[in-house]
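The block underneath contains the structure these notes are about, expressed in structure tokens.
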Protein chains: 2
Amino acid sequence: MFQQTYANAQGTTNGNGRDPRLIEGIVSSLPLFRDVGRSSVVLVASYTRIAHCRRGEFIAQQGERLPGVIAIAYGLAKLVLPRRKGEEKVLRFIGANESFGEATALLDRPCQVDVVALADTMLAVIPVRPLKQLQERDVTFANNLIATLAGGLLLLVAEIDASIGRSSAQRLAAYLESLALPDAGSDACAVQLPVTKTALAARFGITKETMSRLLRELKERGLIAMTGANITILDRARLAGIAREPAAATTIARGQAACI
Amino acid sequence: MFQQTYANAQGTTNGNGRDPRLIEGIVSSLPLFRDVGRSSVVLVASYTRIAHCRRGEFIAQQGERLPGVIAIAYGLAKLVLPRRKGEEKVLRFIGANESFGEATALLDRPCQVDVVALADTMLAVIPVRPLKQLQERDVTFANNLIATLAGGLLLLVAEIDASIGRSSAQRLAAYLESLALPDAGSDACAVQLPVTKTALAARFGITKETMSRLLRELKERGLIAMTGANITILDRARLAGIAREPAAATTIARGQAACI
DNA sequence: CGGAATGTTGATTATATTCAACTGTTGTGG
DNA sequence: CCACAACAGTTGAATATAATCAACATTCCG
């Protein structure tokens, strides 16, 4: 499955693809290992292997068993639910210092998603066995594991909420608005999409055609400017307005509610 | 939020709503406490309280903090994502010996869903504090907790997969077919819906009108018989066929692929 | 440069919602 | 026990949303 041989042929690691310090660095940077003692990290790292995938390659496929939790050292990948011919729904994008497969690997169940590299990517494959042992021996790690799983649950529920509770126009508006967050001003603000528009469309569960039309409409209404991949947010307030325009009814009636 | 005073007024429990043996029985029946030692159960039970909800009452509301994990001793409830005026998406139905709120309570985050009793229901409210302590002291419990969270993740991903990858007709067909499972025969088989058609519609993310039309079509095509709430599955094979009719394409085309 | 991937646009169609009216069922209080 | 209200379900017509099909433009790379 993974490019272990390919990894071994790389000049960036030593002869057998196992550079302990590199692997320990990758492992210890994961949220799962936050505040976990060095000895635990070293132990787990001693079992993990590095692999490389080039842009477009599959990191994992729906239906197969994962050998363990897979972490990304650098690069970018997408977790997708495949659909018919060319269609897909992106569940998550994951980048450096993120991991996937915790639930699947721990329960030893077939992987539910395809994982595809969107750029040249370096992976660390952390076998389940040492993770399960660590979970029983290291309270901090167990806490991290639980927090990761619980957080994932909340994210997925929010995902379902958004994908049925709001129109695609609303989801897109909310997303664009969130990209502008860094600078608090309500002035024009150039943002750049982290992935292609087609991939983003899949992220929102729509087609690239629909995405194109939605963006054009936002442009025509003066909320954004766009030339090619370059997007500028012109009216952040109105954009945020669209994001919750129709709906609100129950949310308002209920009091302050959350902010997602 | 919970009807503790109401619970205390019930004749079924003792004066202050705390019957230790009853509570221990409820707690120990939960998947979370499977194989957990009696002393742990007793400890946690000593912190938990019983509450009652009548049909239609809210057990929890979106946006509020849950006091802990909530378990159902008897009765039935639905976890719903509220939408505008009357609309809702049911995430799960939960019945006796099931619980909810693990992720929300452990992370101390606002509840994402409304929880509504569909029948008179008895609840056990298990505060977070003792659960967190137990998670650090009892490996079996920690394992159960992790398994519960991980399982919930997989279910939600499957849920998203179904709700975007298949049409509502497919989801309904798959559901009806699953109801017939008990007897393996392909003959006519009477099934009964566990909840109202309206509630089921919300479970599938469609309106009751659409549900009605879909069922009518299945009836007209001779796949089921239906008079009121009484449904009989007439052609299970064809029903299963509808459930996966269009799709499959990429799954086949994908063959071995992978990244080696 | 040339080809593949990405993005755009229009026309048409599928799917399910919304609105509205109406029927059947159930549970409750007079 | 019946009347009545509340809920559950059905049906049709009009509508909204986004997918699909098809053609073309643009950008990115090797």
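Note on naming: letters A, B, ... go to the chains in the order of the sequence lines (proteins, then strands), and numbering restarts at 1 for each one.
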- [ ] To the nearest Å, give me how far apart CD1 (Ile206(B)) and P (dG9(D)) are.
- [x] 12 Å

- [ ] Could you state the atom-to-atom distance from CD of Glu217(B) to P of dG12(D) in whole Å?
- [x] 13 Å

- [ ] Remember a base hit wins even if backbone is also touched, and classify Thr196(A) as base, sugar-phosphate or nothing at under 4.0 Å, heavy atoms.
- [x] sugar-phosphate

Task: Candidate nucleotides dT8(C), dT17(C), dA19(D), ranked by approach to the side chain of Thr207(A) - the nearest - done: dA19(D)

Task: Distance, rounded to the nearest Å, where Arg213(A) contributes CZ and dC21(D) contributes C1' - done: 11 Å

Task: Euclidean distance, atom NZ of residue Lys208(A) to atom P of dA23(D) [Å, nearest integer] - done: 14 Å

TODO: Might you point out which heavy atoms bring Arg166(A) and Arg171(A) nearest each other, and give the distance in Å?
DONE: O-NE, 3.4 Å

Open item on the list: Tell me whether Gln62(A) contacts the main-chain N or O of Gln112(A) through its side chain, where contact means a donor paired with an acceptor under 3.5 Å.
Closed with: yes

Task: d(CD, Glu209(A); C1', dA22(D)) in whole Å - done: 10 Å

Task: Gap between atoms NZ and C1', on Lys219(B) and dG9(D) respectively (whole Å) - done: 11 Å

- [ ] Mind calculating the distance between CZ (Arg166(B)) and C1' (dA16(C)) to the nearest angstrom?
- [x] 18 Å

Open item on the list: Using a heavy-atom cut-off of 4.0 Å across all strands, would you classify Thr210(B) as base, sugar-phosphate, or nothing?
Closed with: base

TODO: Establish, with yes or no, whether the OP1 or OP2 oxygen of dG7(C) is under 4.0 angstrom from a side-chain nitrogen or oxygen of Ser212(A).
DONE: no

Open item on the list: Whether the side chain of Arg171(A) and the base of dT17(D) hold a donor-acceptor pair under 3.5 Å is what I'd like checked.
Closed with: no

TODO: Using a cut-off of 6.0 Å, state whether more than 12 heavy atoms not belonging to Arg238(B) lie near its atom CZ.
DONE: yes

TODO: Under 4.0 Å between any heavy atoms, over every strand shown, what does Gly205(B) touch: base, sugar-phosphate, or nothing? Just pick one.
DONE: sugar-phosphate

Open item on the list: Please determine whether a side-chain nitrogen or oxygen atom of Lys197(B) lies at a distance below 4.0 Å from atom OP1 or OP2 of dT10(D).
Closed with: yes

Task: Lys/Arg N to Asp/Glu carboxylate O, Arg213(B) vs Glu220(B), below 4.0 Å - done: no

- [ ] Let me know the distance between CZ of Arg55(A) and C1' of dA5(C), rounded to the nearest Å.
- [x] 8 Å

TODO: Classify the nucleic acid contact of Arg216(B) as base, sugar-phosphate or nothing, counting any heavy atom under 4.0 Å across all strands shown.
DONE: sugar-phosphate

Open item on the list: dG7(C), OP1 or OP2 - any side-chain N/O from Thr198(A) closer than 4.0 Å?
Closed with: yes

- [ ] Find out whether Ile160(A) and Ser163(B) are in side-chain contact, i.e. whether some heavy atom of one side chain is under 4.5 Å from a heavy atom of the other.
- [x] no

Open item on the list: For dT17(D) and Ser167(A) - does any side-chain N or O of the residue sit under 4.0 Å from the phosphate oxygens OP1/OP2?
Closed with: no

